[in-house]
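Here's the structure, in structure tokens; my notes come after.
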Amino acid sequence: MKRFDLRHLKSDFYTRMGEIIDTDLQNGEVGIFLFEVGAFENIPKSAEFIKNRGDELMNSIRFNQVDWTLVVKKRS
């Protein structure tokens, strides 16, 4: 399990999250991604992004007032 802080990317974290899943996680490995919510639309959009990649969204939780955490298992 690895943790990745993407808060510095604000709402533009999707591309980087995909790159990290592709290059830094092995199949079946879990990654924890921390990002800044910004617009609430980023929450369902991030879940859809993971689903469309074929990976598994294991958890999606609010970390604090401005940050969100995704727990993702690499499937492909």
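All residue numbers in this chain count up from 1 along the given sequence.
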Query raised in the report: Got a sec, which residues hit side-chain hydrogen bond (donor to acceptor under 3.5 Å, both in side chains) with Ser11, two or more places apart in sequence or on another chain?
Result: Asn42

Report summary line: Glu48 meets the side-chain hydrogen bond (donor to acceptor under 3.5 Å, both in side chains) criterion, sequence neighbours left out, with none

Query raised in the report: Looking only at heavy atoms, which two atoms of Ser46 and Tyr14 are closest? And how far apart?
Result: CA-CE2, 3.6 Å

Query - Which atom of Ser60 lies closest to which atom of Trp68, heavy atoms considered - result: OG-NE1, 2.6 Å

Query - salt bridge (Lys or Arg N to Asp or Glu O under 4.0 Å) partners of residues 57-73, not counting sequence neighbours, each pair once - result: Arg7-Asp67

Report task. First locate atom CG of Leu9, then atom CZ of Arg16, and finally report the distance between them rounded to the nearest 0.5 Å. Result -> 8.0 Å

Query raised in the report: Nearest 0.5 Å, what's the CG-CZ distance between Asp55 and Phe49?
Result: 8.5 Å

Report task. Applying salt bridge (Lys or Arg N to Asp or Glu O under 4.0 Å), name anything that partners Arg3, two or more places apart in sequence or on another chain. Result -> none

Requested in this report: Apply the side chain to side chain contact (heavy atoms under 4.5 Å, CB included) test between Ile50 and each candidate in Glu56, Lys74, Met17; give the one that qualifies.
Outcome: Met17

Report task. Can you sort out the partners of Lys45 under salt bridge (Lys or Arg N to Asp or Glu O under 4.0 Å), two or more places apart, ordered by chain and number? Result -> none

Query raised in the report: With hydrophobic residues grouped by side-chain heavy-atom distances under 4.5 Å, do Met58 and Ile61 end up in a single group?
Result: no

Show me the side-chain donor-acceptor pairs of residues 21-41 shorter than 3.5 Å, one per line, residues at least two apart or across chains.
residue, atom, partner, partner atom, Å
Asp22, OD1, Arg53, NH1, 3.3
Asp22, OD1, Arg53, NH2, 2.7
Thr23, OG1, Glu19, O, 2.8
Glu29, OE1, Gln26, N, 2.8
Glu36, OE1, Lys10, NZ, 3.2

Query raised in the report: Can you tell me how far the CG atom of Leu57 sits from the CG atom of Leu70, to the nearest 0.5 Å?
Result: 6.0 Å

Report task. Answer yes or no: are there more than 12 heavy-atom neighbours, outside Lys51 itself, under 6.0 Å from its atom NZ? Result -> no

